[in-house]
Amino acid sequence: MMKLDSLKDTWKLYAAQAAAAHQVTEHEIAGLLKARTENAVTTLKRNIYFELAVQVSTILVAGAGAIFFKEDPAFQALCVVVMVVCLPFLGYFWARLSYMKGLNVTTANLRATLGNLIEMLTGLTKLYFWTNMLLAPIGLAAGQLAYLKLAKGISISNLPWEQMYLRLIIGFVIGAVLGYFFLKWYIKKMFGDQSKSLKEAYCELESLEVAAA
């Protein structure tokens, strides 16, 4: 009987140690998922800083064009339009950056944080793609006008517009086609890896919670 009691005690001790080891493993996995989330957040912030720099640079260059080429009202208007288009993007990316800076990633709120990040990133990439798909053809057509002004010294206000329509339409179509493929590549390059990493971390965290239940 004593031998049986001893075996029971040994088994209880082993079970307690195994349970403790299981808990440590879960904690370590959660820590790794937290680290992966923090790395993704850091990369996303860096990419958003880049987008902000692009918007600010474009606004400054367009503003300079509007100031220094006052003798060409059409080119000046083009510069103002570019500035107005960039301002909402600047505000949007600034808001996303502020959100990212306010994140406090902990193992306690990891699932909610991952869910919010995935939702935010999905919305960001969709908005970024479709707005730029609309703007890419216009941008290429506007780029042709800027080229004529800056490289050729031709006054946009005095252009023979009846001769420019076909050229601008072709530029519009080419801009739409090139913009589609470029945006697909660019969004994947800038945000694809982070999106994939966050989704994988979310799935692994769900599996961990199911296993622990």
Side-chain angles (χ1 to χ4, degrees), residues 40-102 117 120-195:
V41 168
T42 299
T43 305
L44 283 172
K45 284 194 286 191
R46 185 182 68 230
N47 291 346
I48 290 174
Y49 271 120
F50 174 78
E51 293 293 340
L52 285 170
V54 170
Q55 300 303 323
V56 170
S57 300
T58 304
I59 290 171
L60 291 176
V61 170
I67 293 171
F68 290 111
F69 294 97
K70 291 182 179 179
E71 79 285 353
D72 191 342
F75 185 76
Q76 192 177 36
L78 179 64
C79 292
V80 171
V81 169
V82 170
M83 292 172 65
V84 170
V85 168
C86 287
L87 283 172
F89 282 97
L90 182 65
Y92 178 77
F93 281 115
W94 183 262
R96 295 301 88 192
L97 181 63
S98 299
Y99 170 78
M100 302 287 284
K101 284 184 172 181
L117 278 171
M120 183 275 289
L121 192 53
T122 300
L124 185 153
T125 51
K126 285 183 178 179
L127 178 67
Y128 193 90
F129 177 79
W130 287 112
T131 51
N132 279 280
M133 267 302 296
L134 292 173
L135 294 173
I138 299 172
L140 192 57
Q144 292 184 73
L145 297 176
Y147 171 77
L148 292 174
K149 176 65 181 178
L150 300 175
K152 301 293 185 179
I154 299 173
S155 174
I156 303 301
S157 299
N158 298 325
L159 278 176
W161 288 101
E162 65 280 359
Q163 301 175 21
M164 288 295 298
Y165 288 140
L166 180 60
R167 180 173 179 171
L168 291 174
I169 291 171
I170 292 172
F172 192 91
V173 173
I174 293 173
V177 175
L178 293 179
Y180 175 84
F181 291 105
F182 173 77
L183 284 169
K184 284 286 188 181
W185 171 83
Y186 183 77
I187 290 173
K188 184 178 180 180
K189 183 76 173 175
M190 292 294 285
F191 305 108
D193 289 343
Q194 288 70 49
S195 178

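Note that the structure is predicted; figures quoted are calculated from it, not measured.
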Q: Apply the test side chain to side chain contact (heavy atoms under 4.5 Å, CB included) to residues Met120 and Met100: give CA-CA distance (whole Å), side-chain angles for both, the deciding distance (0.1 Å), then the verdict.
A: CA-CA 10 Å; Met120 183 275 289; Met100 302 287 284; 3.3 Å; yes
If you round to the nearest 0.5 Å, how far is [atom2] of [Y] from [atom1] of [X]?
X	Y	atom1	atom2	result
Arg96	Leu44	CZ	CG	11.5 Å
Leu127	Thr122	CG	OG1	12.5 Å
Leu87	Thr58	CG	OG1	11.0 Å
Cys86	Ile59	SG	CD1	5.0 Å
Ile187	Leu121	CD1	CG	10.0 Å

(Q) So, using ring pair (Phe, Tyr, Trp, His ring centres under 6.0 Å) as the criterion, who are the partners of Phe68 when residues are at least two apart? (A)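 Not a single residue meets the ring pair (Phe, Tyr, Trp, His ring centres under 6.0 Å) criterion with Phe68.
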Q. Quick one: ring pair (Phe, Tyr, Trp, His ring centres under 6.0 Å) partners of Phe69, sequence neighbours excluded?
A.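 Result, ring pair (Phe, Tyr, Trp, His ring centres under 6.0 Å) vs Phe69: Phe75.
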Q. Looking at Thr43, Thr42, Val41, which hits side chain to side chain contact (heavy atoms under 4.5 Å, CB included) with Gln194?
A.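 One option only clears the test, and that one is Thr43.
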Q.
Contact between Leu124 and Tyr92 at the side-chain level, heavy atoms closer than 4.5 Å - yes or no?
A.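 In contact.
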Could you list the donor-acceptor pairs under 3.5 angstrom formed by side chains in residues 48-57, with sequence neighbours left out?
residue, atom, partner, partner atom, Å
Tyr49, OH, Lys101, NZ, 3.0
Glu51, OE1, Tyr128, OH, 3.1
Glu51, OE2, Tyr128, OH, 3.3
Glu51, OE2, Tyr186, OH, 2.5
Ser57, OG, Ala53, O, 2.8

Q. Could you go step by step and tell me if Phe89 and Thr131 meet the side chain to side chain contact (heavy atoms under 4.5 Å, CB included) rule?
A. CA-CA 10 Å; Phe89 282 97; Thr131 51; 3.5 Å; yes
Q) Would you call the rings of Phe182 and Trp185 parallel, tilted or perpendicular, where under 30° means parallel and over 60° means perpendicular? A)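 Because their plane-to-plane angle lies in the 30° to 60° range, the rings of Phe182 and Trp185 count as tilted.
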Q | Nearest non-hydrogen partners of Ala62 and Cys79, listed with the distance | A |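 Heavy atoms of Ala62 and Cys79 come nearest at O-CB, 3.2 Å.
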